[in-house]
2 protein chains.
Amino acid sequence: MQKTTAAPVKFTHVQCGSCPIRHRAVCARCDTDELERLEETKYYRSFEAGQTIVWSGDRMDFVGSVVSGIATLTQTMEDGRRQMVGLLLPSDFVGRPGRETAAYDVVATTDLVMCCFRKKPFETIMLDTPHVGQRLLEMTLDELDAAREWMLLLGRKTAREKIASLIAIIARRDASLKLQSSEGRVVVDLPLTREAMSEYLGLTLETVSRQISALKRDGIIEIEGKRHITIPDFDLLIEEAGDDSDGGFLV
Amino acid sequence: MQKTTAAPVKFTHVQCGSCPIRHRAVCARCDTDELERLEETKYYRSFEAGQTIVWSGDRMDFVGSVVSGIATLTQTMEDGRRQMVGLLLPSDFVGRPGRETAAYDVVATTDLVMCCFRKKPFETIMLDTPHVGQRLLEMTLDELDAAREWMLLLGRKTAREKIASLIAIIARRDASLKLQSSEGRVVVDLPLTREAMSEYLGLTLETVSRQISALKRDGIIEIEGKRHITIPDFDLLIEEAGDDSDGGFLV
DNA sequence: GCATCGGATTGATCTGGGTCAAGGCTTTCA
DNA sequence: TGAAAGCCTTGACCCAGATCAATCCGATGC
């Protein structure tokens, strides 16, 4: 195994997206022994669409990141009102080091594969390997920013603006993942049911449906089937979203 | 300067609350040289009530924590709609290491004293001193939890529930700071105008005023002047807030 | 003592989005 | 091939909270 070409990279590293240990294959600062230890506690789990991964209040003894599929974090009030507080797309991280129990329901909304670590060893390694913690801090700060953008949406935007925002958010994340966008014309497949969208946006599913119809009627979006959306002019959509966010569309 | 009594503790450490370097006086793991370096870049700034500390988009070359007074983080849309996304009480941390410009307006809503560090040296020390970064991660995760609780409030609670929640939140933080609460009967001084409350809650100030009057009429709260509130039965207030949050009132 | 000003309150009215209800379109399964 | 189940759409109506407007109250200044 001489160094003829690039060093062999394990498949798992590619799959893990931006999960904290992806660095292993590429990062010179890594202490190999430490990360090998972490690697040992790593395992994959699959879930079916609709399956609840953890219930709020239950013990949660792992952390991990989404490999493929979509998961959500949702809060529920006693009377059943539900508010989504996290949308986890591939490469997103779940789980809080230092907390025993889950604070939210974690639900797989599509078929889902996660890359998990048992929490205890993960925490140990976080303490021993500073840059894993630093990476996690970065990710947490990004999530906090996203949450605050989301708060503006929930608190002040109209139903129409909320829908336009959600489509834009998903389109952006989609595009930055696939690095695909045939100049101007953007195509998205919504990974959420109308009900899930309503939980994301703080609306009812009827209002979601009506506003999507309205955007379609007004030519802002085109729809094929129920979920496949084409956006003829992305700037127009952004306008509808009332968005002042930095919004660098393609990174 | 023999070690007769406890080591002399600088006043500043006490003042800084849970800011990342408070540990200096108490933490055995600290590398004194590192923290001495940080200490050197530390300075205090005062602001008057109503003063904007940083505008969204402006350069922000410091991080810091609130020593006394209240500051808020607020997002503004082009048409002037405003949503508060952060409420900073004494001991709360502001500023994101690794970001050049502020993402929100930071406003002093009362007279305010902050303990600041220039960002560059702070970042350096964060890299060199892992447990400062760990502390910051902890704090950021707490903020993320708070933001998600806030999202439930914005997305799903009624006006009355929102008001009750806000009063409870402030009472809790107040109490855990002062460790005072004459059995059951809780007293709070709202540090916010009706307008600021409306920006926190995603309501208009008229609705805030009406709902406060309603809670008063129904005996949930008692009011003296405009801001001084007595809560005869805290559990009753929590009920109005529709709150399932863990809610450990006194830590 | 009077005027001014920045909150705060209260009333009257309007409306965006919730609620309730009736279908419609696919997919699945028998 | 038909029935059931999920998901989505659309209509009719209603109400919580927004909007517009008048007033109040306490502090500050002259």
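Note that the structure is predicted; figures quoted are calculated from it, not measured. Hydrogens, waters and symmetry mates are skipped; everything else that's a heavy atom, side chains included, is used. Every chain is numbered from 1 and lettered A, B, ... according to where its sequence line falls, protein lines coming before strand lines.
- In this structure, the CG atom of B:L205 is 11 Å from the C1' atom of D:dT19, given to the nearest Å.
- Considering only side-chain N and O atoms, A:R227 lies under 4.0 angstrom from the phosphate OP1 or OP2 of D:dC8.
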Anything under 3.5 Å between a protein N or O and an N or O of nucleotides 12-17 of chain D, put it in a table, one pair a line.
unit_1, atom_1, unit_2, atom_2, d
D:dG17, OP1, B:A159, N, 2.8

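- Between the CD1 atom in B:I163 and the CD1 atom in B:I212 there is a gap of 5.0 Å [rounded to 0.5 Å].
- Taking the ring axis of B:Y43 as reference, the NZ or CZ atom of B:R118 does not stay both within 45° of it and closer than 6.0 Å to the ring centre.
- A:L73 has its side chain within reach of A:L88: a pair of non-hydrogen atoms, C-beta onward, lies under 4.5 Å apart.
- Rounded to the nearest 0.5 Å, atoms OG1 (B:T204) and CD (B:E206) are 4.5 Å apart.
- A donor and an acceptor atom never sit less than 3.5 Å apart when one is taken from the side chain of A:E195 and the other from the base of D:dC7.
- At least one donor-acceptor pair under 3.5 Å links the side chain of B:R156 to the backbone N or O of A:L203.
- Where A:V208 and B:E206 meet DNA chain D, the nucleotide closest to each residue was compared, and A:V208 sits on the side nearer the 5' end.
- Rounded to a whole Å, the CD1 atom of A:I163 is 12 Å from the C1' atom of C:dG17.
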side-chain hydrogen bond (donor to acceptor under 3.5 Å, both in side chains) between A:R82 and A:T76, worked out: CA-CA 5 Å; A:R82 289 168 65 80; A:T76 309; 3.0 Å; yes

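- Between C:dG7, D:dC8, C:dT19, one nucleotide has an atom nearer to the side chain of A:K226 than all others, and that is D:dC8.
- Note on B:T193: only backbone sugar-phosphate atoms sit closer than 4.0 angstrom, heavy atoms only; bases stay farther off.
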